[in-house]
Each structure stands twice: as structure tokens, then as C-alpha cells.
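From a predicted model like this one, the values you see are computed outputs, not experimental measurements. Position 1 is the first residue of the sequence; numbering continues from there.
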Amino acid sequence: MKGLLKQAKSAKPKAHSENSPKKGGFLTDIVSISDFSRGNIELVLENAAKMEKLPRDRKAQILKNFVVASLFFEPSTRTRLSFETAAQNLGARVVGFADAGVTSTKKGETLSDTIKMVENYADIIVMRHFLEGAAKRAAEISRRPIVNAGDGANQHPTQTLLDLYTMKKEFGKIDRLRICLAGDLKYGRTVHSLMYALSKFRDVTVYLVSPKSLEMPRHIIEETKHSLRIVETQSLEKYIKEFDVLYATRIQKERFPDEIEYEKLKNVYIITPELVAKARPGMRIMHPLPRVNEIEPEVDRMPAALYFSQAANGVPVREALLSMLKGAEK
Ligand code: NCD
């Protein structure tokens with residue numbers, strides 16, 4: 001028995017040197033993008049680029065014999081599938097659920113109790129929850145790394161990292177970009193995380209385009225305005241000639257207390273080929289997806305449409321993140 005265990009241990013692959021974080025240099029949980037230094041963000045982007053080049057068989061050694069839990073208490077397509085693909089590409093096995101309705105949550109089990117169980121089954125826990133602060137709470141309880149795959153209307157840090165990776169790939173830089181965030185800036189967690197992340201770069205201009213009732217929360221503007229140039233407007237057209245990126249978001253129906261209010265706002269901004277024609281030729285449209293009516297399908301064929309390659313970038317970025325959390329000690 002002893003020999004067997006020993007053999008299993010020595011057979012465990014060493015962390016891939018290219019992708020292993022410097023000791024003490026990386027986070028042990030991914031809860032909020034505010035926890036990242038610019039250096040940490042850049043390290044993730046560099047490792048994601050390496051992941052794209054790494055042969056499949058070498059990649060599959062990185063998390064071999066590891067288990068990644070994927071706990072989705074809220075609907076998801078891209079985030080869950082790209083995390084699970086990333087984990088499997090790294091050689092990990094994946095356990096979890098895509099619908100909390102089939103779990104003991106339905107019977108009244110608390111999040112804390114669920115986490116206390118799952119930390120015994122898995123080495124890394126990826127979770128999406130409808131409550132703001134759920135990932136932070138889980139990270140406090142769990143001795144395993146927690147990855148926030150979205151907590152209510154609060155944050156979505158891994159989406160932000162893939163957004164930044166997409167911008168870096170497209171423009172070769174993030175400093176000095178002029179980025180329009182349009183749509184539901186109040187409830188959209190992707191744009192909340194993106195604001196914090198962009199404030200870590202130099203000379204970034206952010207155009208906040210939303211109806212009055214869906215403005216970016218004041219506290220986020222206050223926390224980021226020292227390093228961002230912020231322009232607020234309700235018009236998508238007014239500054240369109242200045243944008244490098246038009247980052248559109250879905251009006252977050254599920255977060256509205258009042259359905260009538262949602263009905264009034266659901267089509268507030270629609271990106272059409274005519275609108276895109278008014279922008280600089282180099283402007284690129286991003287969207288975390290899913291889209292509802294924000295971008296007309298005809299736009300998909302235009303060179304400006306970056307949203308599908310943005311979604312594809314979720315895999316290498318999440319591979320990088322999972323590999324960097326390997327062996328994290330809390
Ligand atoms: C986003 C989310 O879940 O916050 N989707 C995603 O993860 N790509 C955006 C949204 O749901 O509108």
C-alpha cells in the first residue's frame with residue numbers, strides 16, 4: 001500500500017515551468033479583479049498566449065490527476081463550457097453541475113455546506129452564483145482555490161481577463177485604448193470588472209454609454225476615476241468616431257426588479273451595419289455574449305465583429321488561470 005502511494009506521488013507530473021507562477025507571486029483565489037496587480041494580469045495574458053502554442057499532449061500533463069469542480073448556480077453557456085474544456089485540456093477530471101435545481105441546494109443546503117463538501121472532492125472550485133459576494137464567502141471557507149465565474153451583478157473577473165487578452169491580441173496593447181462600454185452598466189458584472197481592470201493600465205479612455213437608470217454604479221466610477229479618463233453619455237453615436245472598442249452588453253433582464261422597466265429598455269442600443277459604418281475602420285465590437293438584440297446578425301460578417309473570437313479566447317485564458325492555481329496553498 002505504502003509503495004503504491006509513493007509511486008502515485010512520484011508519478012504526479014511536475015508543474016510546467018513555463019506556466020507555474022513564481023512562488024508567492026500569484027493569487028490563491030480568483031474572486032475580484034481588484035485583487036490583481038497589473039503584473040498579475042500580464043502574467044495571465046502571457047500564459048494564455050503560451051497555452052495557445054503548447055502541444056495538446058504536453059498541455060494534458062499540467063493538471064493530470066487533478067479534479068476541477070464546476071458549480072453553476074446560475075445559467076451559463078460559454079463560461080461553463082470553456083472552463084470545463086480548459087480543465088479537460090489540462091488533463092483534469094471535471095465534476096459539478098450546470099443547474100443547482102438538481103442538487104441539495106433545492107433541499108435547502110447552504111452554500112457554505114456545499115463548499116465544505118466539494119473541497120473534499122476537488123482541487124480547484126469554479127463557481128457561478130446569483131448572490132453578490134458568494135465567491136468571496138466561498139473563498140473564506142474553502143481551503144481549495146475558488147474561481148469566481150460570476151457573482152450576481154457584482155463581478156466576473158475571468159471574463160475580464162479574456163476581454164483583456166482579446167484586446168491585447170487585436171491591438172497589441174491595452175494602454176491608451178479608447179473603450180466604449182454600452183448598455184446595462186448597472187447590473188452588468190462584466191463591465192464592472194472591466195472598469196477595475198482598465199484602471200490598472202495607462203491613459204485608457206472609457207466612454208460609459210447607458211440610459212440614466214442603468215448607469216455604472218457611482219462607487220465604481222469613484223474608485224477608478226483617478227486613472228481612467230471617463231466620458232459619460234446616453235448617446236452611442238456621439239463619440240463613435242473615437243472608439244477603438246465598442247463593448248456592448250445585454251440588458252440583464254433577470255436582475256430587474258420590474259419587468260415593465262426591462263421592456264422599456266431592452267432595445268435601447270442596437271448595433272447595426274449603418275452604425276458601424278460611422279466608426280473608424282479599425283474599431284472592433286466586443287460583447288461577452290449572449291446577445292439578445294444588441295447586435296444585428298448582419299454585423300457578424302463585418303471585420304469589426306470580434307465577439308466570437310473573444311468567446312474562443314476563453315479557453316486559453318482559463319487554461320492559464322487553472323494552471324496558475326495548481327498547488328495554491330491557502
Ligand atoms: C455574461 C455574464 O454571465 O455575466 N456572460 C458571460 O459570462 N459570457 C454576460 C451576460 O450574461 O450578459
Side-chain angles (χ1 to χ4, degrees), residues 13 15-16 18-21 26-27 29-30 33 41 43-100 102-103 118 121-129 135 144-151 155-170 189-190 193 286-291 306-328:
H16 195 273
E18 285 163 345
N19 298 305
S20 53
F26 197 62
L27 308 167
D29 296 287
I30 300 184
I33 200 76
I41 292 176
L43 194 59
V44 174
L45 307 192
E46 280 164 31
N47 283 339
K50 285 181 188 161
M51 286 296 177
E52 292 211 54
K53 296 202 190 86
L54 212 57
R56 272 174 179 253
D57 54 337
R58 279 180 66 196
K59 205 187 274 185
Q61 296 299 312
I62 296 173
L63 286 184
K64 195 173 164 194
N65 298 328
F66 278 68
V67 178
V68 172
S70 163
L71 314 183
F72 279 74
F73 296 87
E74 254 197 349
S76 171
T77 301
R78 273 148 293 270
T79 306
R80 186 175 66 82
L81 293 181
S82 63
F83 257 120
E84 295 186 2
T85 304
Q88 286 170 3
N89 288 350
L90 297 173
R93 281 171 292 131
V94 177
V95 295
F97 51 83
D99 175 4
V102 299
T103 71
V118 177
Y121 309 150
D123 300 287
I124 299 175
I125 302 172
V126 177
M127 61 172 273
R128 167 172 288 187
H129 203 279
R144 304 295 191 193
I146 296 286
V147 182
N148 182 5
D151 62 327
Q155 283 225 14
H156 194 347
T158 69
Q159 175 71 40
T160 290
L161 291 163
L162 80 88
D163 294 341
L164 297 175
Y165 184 62
T166 305
M167 291 177 196
K168 183 81 194 289
K169 250 176 138 175
E170 188 66 21
R189 56 193 171 198
T190 69
S193 293
M286 294 176 63
H287 192 304
L289 303 176
R291 70 173 144 185
L306 197 56
Y307 29 95
F308 290 114
S309 37
Q310 177 188 358
N313 288 334
V315 174
V317 169
R318 290 175 169 130
E319 285 170 352
L321 283 171
L322 292 174
S323 74
M324 293 168 86
L325 287 171
K326 177 182 175 173

Asker: Hey, what do you get for CD1 (Ile41) to CD (Glu46), rounding to the nearest 0.5 Å?
Answerer: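 So the CD1 of Ile41 and the CD of Glu46 are separated by 12.5 Å.
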Asker: Looking at residues at least two apart in the chain, or sitting in another chain, which of them share a side chain to side chain contact (heavy atoms under 4.5 Å, CB included) with Ala312?
Answerer: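 Not a single residue meets the side chain to side chain contact (heavy atoms under 4.5 Å, CB included) criterion with Ala312.
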Asker: Which pair of heavy atoms, one from Arg93 and one from Asn65, lies closest together, and at what distance?
Answerer: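 Scanning both residues, the minimum pair turns out to be NH2-O, 4.3 Å.
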Asker: Check whether any side-chain heavy atom of Val126 sits under 4.5 Å from a side-chain heavy atom of Leu322, and report yes or no.
Answerer: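 Answer yes - side chains close enough.
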Asker: For Ala92, enumerate each residue passing the side chain to side chain contact (heavy atoms under 4.5 Å, CB included) test, keeping only those at least two apart in sequence or located in another chain.
Answerer: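 Residues passing side chain to side chain contact (heavy atoms under 4.5 Å, CB included) with Ala92: Leu63, Phe66, Val68, Ala87.
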Asker: If you round to the nearest 0.5 Å, how far is CE of Met167 from OG1 of Thr160?
Answerer: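 With rounding to 0.5 Å, OG1 (Thr160) is 8.5 Å from CE (Met167).
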Asker: Using salt bridge (Lys or Arg N to Asp or Glu O under 4.0 Å) as the criterion, list what pairs up with Glu52, not counting sequence neighbours.
Answerer: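 Only Lys169 meet the salt bridge (Lys or Arg N to Asp or Glu O under 4.0 Å) criterion with Glu52.
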Asker: Starting at OH of Tyr307, measure out to OG1 of Thr166 and round the result to the nearest 0.5 Å.
Answerer: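 Spacing of OH (Tyr307) from OG1 (Thr166) equals 14.0 Å.
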Asker: Would you please name every residue forming a side-chain hydrogen bond (donor to acceptor under 3.5 Å, both in side chains) with Glu319, sequence neighbours left out?
Answerer: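 Checked Glu319 against side-chain hydrogen bond (donor to acceptor under 3.5 Å, both in side chains); matches are Lys59, Asn89.
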Asker: Specify the closest pair of heavy atoms between Ala320 and Ala48, including all atoms of both residues, with the distance to one decimal.
Answerer: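 Shortest heavy-atom contact: CB-N, 3.6 Å.
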Asker: Give a yes or no on whether the backbone of Ala149 and the side-chain of Thr158 come within a donor-acceptor separation of less than 3.5 Å.
Answerer: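 No; zero donor-acceptor contacts below 3.5 Å.
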Asker: Which residue pairs satisfy the salt bridge (Lys or Arg N to Asp or Glu O under 4.0 Å) criterion with at least one member in residues 67-76, sequence neighbours excluded?
Answerer: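 Residue pairs passing salt bridge (Lys or Arg N to Asp or Glu O under 4.0 Å), neighbours aside: Glu74-Arg189, Glu74-Arg255.
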Asker: Could I get the full list of side chain to side chain contact (heavy atoms under 4.5 Å, CB included) partners for Leu27, not counting sequence neighbours?
Answerer: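 By the side chain to side chain contact (heavy atoms under 4.5 Å, CB included) rule, Leu27 matches Asp35, Phe36, Asn40.
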Asker: Quick check on Tyr121: does its OH atom have over 12 non-hydrogen neighbours (other residues, nucleotides or ligands) under 6.0 Å away?
Answerer: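 Count not over threshold, so no.
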Asker: Quick one: does any side-chain atom of Asp123 pair with a main-chain N or O of Val67 as donor and acceptor, under 3.5 Å?
Answerer: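 Yes, Asp123 side chain to Val67 backbone: donor-acceptor pair under 3.5 Å.
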Asker: Scan Val147, Thr190, Leu321, Asn148 and name whichever one has a side-chain contact (heavy atoms from CB on, under 4.5 Å) with Pro157.
Answerer: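 Only one of Val147, Thr190, Leu321, Asn148 forms a side-chain contact (heavy atoms from CB on, under 4.5 Å) with Pro157, namely Asn148.
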Asker: If I take atom CD1 from residue Ile62 and atom CG from residue Leu54, how far apart are they, to the nearest 0.5 angstrom?
Answerer: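 That separation rounds to 5.5 Å.
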Asker: To the nearest 0.5 Å, what is the distance between NZ (Lys50) and CG (Leu45)?
Answerer: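 Here the interatomic distance stands at 12.0 Å.
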Asker: What distance do Leu164 atom CG and Ile33 atom CD1 have between them, rounded to the nearest 0.5 Å?
Answerer: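 Answer for the CG-CD1 pair, Leu164 versus Ile33, is 6.5 Å.
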Asker: Can you name the side-chain hydrogen bond (donor to acceptor under 3.5 Å, both in side chains) partners of Thr85, sequence neighbours left out?
Answerer: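 With sequence neighbours excluded, Thr85 shows a side-chain hydrogen bond (donor to acceptor under 3.5 Å, both in side chains) to no residue whatsoever.
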Asker: Considering residues at least two apart in sequence or located in another chain, which fulfil the salt bridge (Lys or Arg N to Asp or Glu O under 4.0 Å) criterion with Lys168?
Answerer: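 Partners of Lys168 under the salt bridge (Lys or Arg N to Asp or Glu O under 4.0 Å) test: none.
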Asker: Any non-hydrogen side-chain atom of Arg318 less than 4.5 Å from a side-chain atom of Leu161?
Answerer: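 They are not in contact (no side-chain heavy atoms under 4.5 Å apart), so the answer is no.
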Asker: With a distance cut-off below 6.0 Å to the six-membered ring centre and an angular limit of 45° from the axis, does Arg128 pair with Phe72 as a cation-pi contact?
Answerer: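 So Arg128 doesn't make the cation-pi contact.
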Asker: My understanding is that only residues two or more places apart in sequence, or in another chain, count here; which of them pass side chain to side chain contact (heavy atoms under 4.5 Å, CB included) with Ala98?
Answerer: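 Partners of Ala98 by the side chain to side chain contact (heavy atoms under 4.5 Å, CB included) criterion, ordered by chain and then number, come out as Arg80.
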Asker: I need the minimum non-hydrogen distance between His129 and Met127, along with the two atoms involved.
Answerer: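 In this case the closest contact between His129 and Met127 is CB-CE, 3.9 Å.
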Asker: Not counting sequence neighbours, which residues clear salt bridge (Lys or Arg N to Asp or Glu O under 4.0 Å) with Asp29? List them please.
Answerer: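 By the salt bridge (Lys or Arg N to Asp or Glu O under 4.0 Å) rule, Asp29 matches Lys330.
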Asker: For Phe97, check ring pair (Phe, Tyr, Trp, His ring centres under 6.0 Å) against everything at least two apart and list the hits.
Answerer: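 Ring pair (Phe, Tyr, Trp, His ring centres under 6.0 Å) check on Phe97 returns Phe73.
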Asker: Can you give me the closest heavy-atom contact between Ser193 and His156, atom names plus distance?
Answerer: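 The pair with the smallest heavy-atom distance is OG-N, 2.8 Å.
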Asker: Do you know which two heavy atoms are closest between Leu289 and Ala311, and how far apart they sit?
Answerer: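 What the structure gives for the nearest pair is CD1-CB, 4.4 Å.
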Asker: Quick one: list whatever passes side-chain hydrogen bond (donor to acceptor under 3.5 Å, both in side chains) with Asp163, sequence neighbours left out.
Answerer: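 If we apply the side-chain hydrogen bond (donor to acceptor under 3.5 Å, both in side chains) test to Asp163, skipping adjacent residues, the hits are Gln159, Tyr247, Gln310.
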